[in-house]
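Below is one structure, written out as structure tokens; comments come after it.
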Amino acid sequence: MSPALETLLLPFSQGEIAAPSRALFLGAEPHPDLKAWPQVTGWQPLKPLAEAWEKAGFARVDEPSGTWPLVLLLPGKSKDETLAAFAKAHDLLEDGGTLVVAMANLGGAQRFEKELEKAAGKIASLSKHKCRAFHAVKDGTWDEALLAEWRALGVPREVGGFLVEAGVFSADHVDPGSALLVENLPKNLRGAVADLGAGWGYLSKAVAETNPAVKAIHLFEADARALACARKNLGEGNFEYHWHDVVAGVPGKYEVIVSNPPFHTGQATDIHLGRAFLRVAAAALRTGGRLLLVANRQLPYEPELEALGLVWRKPVENSTYKLLFAEKRMGTSNDFRR
Ligand SMILES: C[S@@+](CC[C@H](N)C(=O)[O-])C[C@H]1O[C@@H](n2cnc3c(N)ncnc32)[C@H](O)[C@@H]1O
């Protein structure tokens with residue numbers, strides 16, 4: 001359980017705020033204390049966390065609406081995303097309702113508390129677990145001009161011809177690793193393609209534009225906001241969109257898999273996540289199929305490809321990134337649950 005989540009609920013366990021009849025939790029993560037609350041509805045764009053929330057027995061919505069006496073907020077990592085979330089939370093509060101936010105100190109809790117204070121005026125806060133929880137009441141005096149600025153930060157903006165929303169991966173530029181893969185994409189791809197961790201659709205679009213023999217492209221992405229952007233960027237056509245945790249495996253078999261695998265969970269480097277992507281890719285490739293990867297140069301993916309029985313080569317490497325192209329030859333056996 002994250003320290004920010006523990007801290008978020010302290011104002012309630014310490015009696016500073018009474019648990020209300022209904023609450024909306026933006027960035028919802030399950031906590032045993034919430035079980036005692038009469039009604040908590042969660043919004044969570046990240047599939048693994050959304051699944052954990054539902055598995056714990058809580059109600060979830062794809063898009064929050066209406067107004068609520070209490071909004072709990074665990075914001076994401078980026079500044080624009082957090083400020084936009086403050087405005088969204090404000091708009092989802094009833095008059096007289098309370099917004100409670102918690103953030104890690106290292107994630108800029110103090111700075112963001114000050115930002116919220118600029119809009120809300122009066123803020124109460126407490127500090128614990130290297131995090132801060134701060135709350136404000138929607139009392140009719142919030143700074144409307146500032147809220148309008150923050151709302152605008154949540155509207156998808158254009159990045160290199162794509163629509164991209166604050167908070168998703170690479171929200172203000174094309175990832176240079178992905179650009180390197182696109183520059184070196186083979187032009188003879190055919191059949192069904194999967195894009196694992198597809199983000200807002202950059203790799204899928206390049207595959208579609210440069211490979212007319214490709215029949216279908218399946219985009220698998222954990223972040224619902226990124227996937228919604230991908231849908232806007234690519235349209236329907238030959239694309240299929242899956243809000244999906246790739247670590248759990250993917251349905252179907254593919255002639256080609258492209259990926260710039262994630263290697264972070266929250267702030268921390270998580271090499272297991274990238275390795276899991278490789279295992280899932282190997283299991284989903286047809287015999288003769290190709291895996292086209294880009295990765296940061298220092299990530300040790302070659303031994304994993306080797307262990308999965310894929311035949312690989314490194315066609316391009318620069319000071320930061322490498323491309324790894326692998327093939328599943330006849331007789332290769334692999335199982336991503338290994
Ligand atoms: C390095 S980014 C690449 C994004 C996109 N392909 C591009 O080139 O811009 C990795 C993507 O994987 C997604 N991701 C992280 N964990 C995931 C998971 N368990 N299942 C599916 N996608 C995941 C992230 O949200 C992110 O969009």
Side-chain angles (χ1 to χ4, degrees), residues 27 44-52 76-78 81 156-185 193-210 217-234 239-252 254 256-281 283-284 291-299 301 320-324 336-337:
Q44 174 53 261
L46 305 179
K47 184 72 172 178
L49 293 176
E51 282 179 343
K77 285 180 284 181
S78 90
E81 176 189 15
R157 74 280 307 261
E158 208 199 293
V159 173
F162 292 79
L163 280 177
V164 185
E165 186 175 330
V168 307
F169 170 77
S170 211
D172 49 18
H173 61 281
V174 170
D175 179 65
S178 297
L180 185 68
L181 178 52
V182 164
E183 279 162 32
N184 293 280
L185 263 185
V193 176
D195 181 349
L196 304 188
W200 36 267
Y202 179 73
L203 294 179
S204 287
K205 187 164 191 198
V207 169
E209 285 179 349
T210 55
I217 304 183
H218 291 248
L219 292 89
F220 293 94
E221 170 57 48
D223 187 333
R225 300 163 303 173
L227 198 65
C229 290
R231 198 184 279 275
K232 287 185 192 133
N233 290 324
L234 276 57
F239 300 103
E240 286 194 25
Y241 300 90
H242 306 268
W243 186 39
H244 192 86
D245 178 2
V246 165
V247 174
V250 293
Y254 301 91
V256 178
I257 295 182
V258 293
S259 189
N260 177 355
F263 60 97
H264 285 106
T265 303
Q267 312 276 12
T269 299
D270 181 359
I271 181 68
H272 301 293
L273 187 55
R275 286 197 180 121
F277 266 55
L278 302 198
R279 289 198 291 277
V280 168
L291 172 59
L292 309 173
L293 285 179
V294 60
N296 279 38
R297 217 178 139 208
Q298 81 281 6
L299 292 171
Y301 287 156
T320 317
Y321 300 102
K322 61 188 171 193
L323 302 187
L324 294 170
F336 69 84
R337 289 173 296 266

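Read the numbers this way: they start at 1 and go in the same order the structure lists the ligands and their atoms.
Against a heavy-atom cut-off of under 4.0 Å, Ala198 is close to the following atoms of ligand 1: 5 (C), 6 (N). Remark: ligand 1 atoms within the under-4.0 Å shell around heavy atoms of Ser178 are 7 (C), 8 (O), 9 (O). Residue His244 has at least one heavy-atom neighbour below 4.0 Å for each of these atoms of ligand 1: 20 (N), 21 (C). Atoms of ligand 1 lying under 4.0 Å from any heavy atom of Asp245, numbered from 1 in the order shown and given with element: 18 (C), 19 (N), 20 (N). Here is the list of ligand 1 atoms found below 4.0 Å of a heavy atom in Leu203: 6 (N), 8 (O). For ligand 1 and Asn260, the ligand atoms under 4.0 Å from any heavy atom of the residue are 1 (C), 2 (S), 3 (C), 10 (C). Close contacts of ligand 1 with Ala222, meaning ligand atoms under 4.0 Å from a residue heavy atom, involve 17 (C), 18 (C), 20 (N), 21 (C), 22 (N), 23 (C).
When heavy-atom distances to ligand 1 are checked against a 4.0 Å cut-off, Phe162 has no atom that comes that close, whether in backbone or side chain.
Atom 26 (C) of ligand 1 has its closest protein heavy atom at Glu221 OE1, 3.6 Å. Here the heavy atom of the protein found nearest to atom 20 (N) of ligand 1 is Val246 N, 2.9 Å. If you check which protein heavy atom lies closest to atom 4 (C) of ligand 1, you get Gly197 O, 3.3 Å. In terms of protein heavy-atom proximity, atom 16 (N) of ligand 1 is closest to Pro262 CG, 3.7 Å.
When every heavy atom of Asp195 is checked against every heavy atom of Ser204, the shortest pair comes out as OD2-OG, 2.7 Å.
Between His218 and Phe220, the ring-plane angle classifies as parallel under the 30° and 60° cut-offs.
Using a 4.0 Å cut-off between charged nitrogen and carboxylate oxygen, Lys232 and Glu165 do not count as a salt-bridge pair.
Put simply, the side chain of Asn260 does not reach to within 4.5 Å of the side chain of Leu181, judged on heavy atoms.
Heavy atoms of Asp175 come nearer than 4.0 angstrom to ligand 1 in no pair at all.
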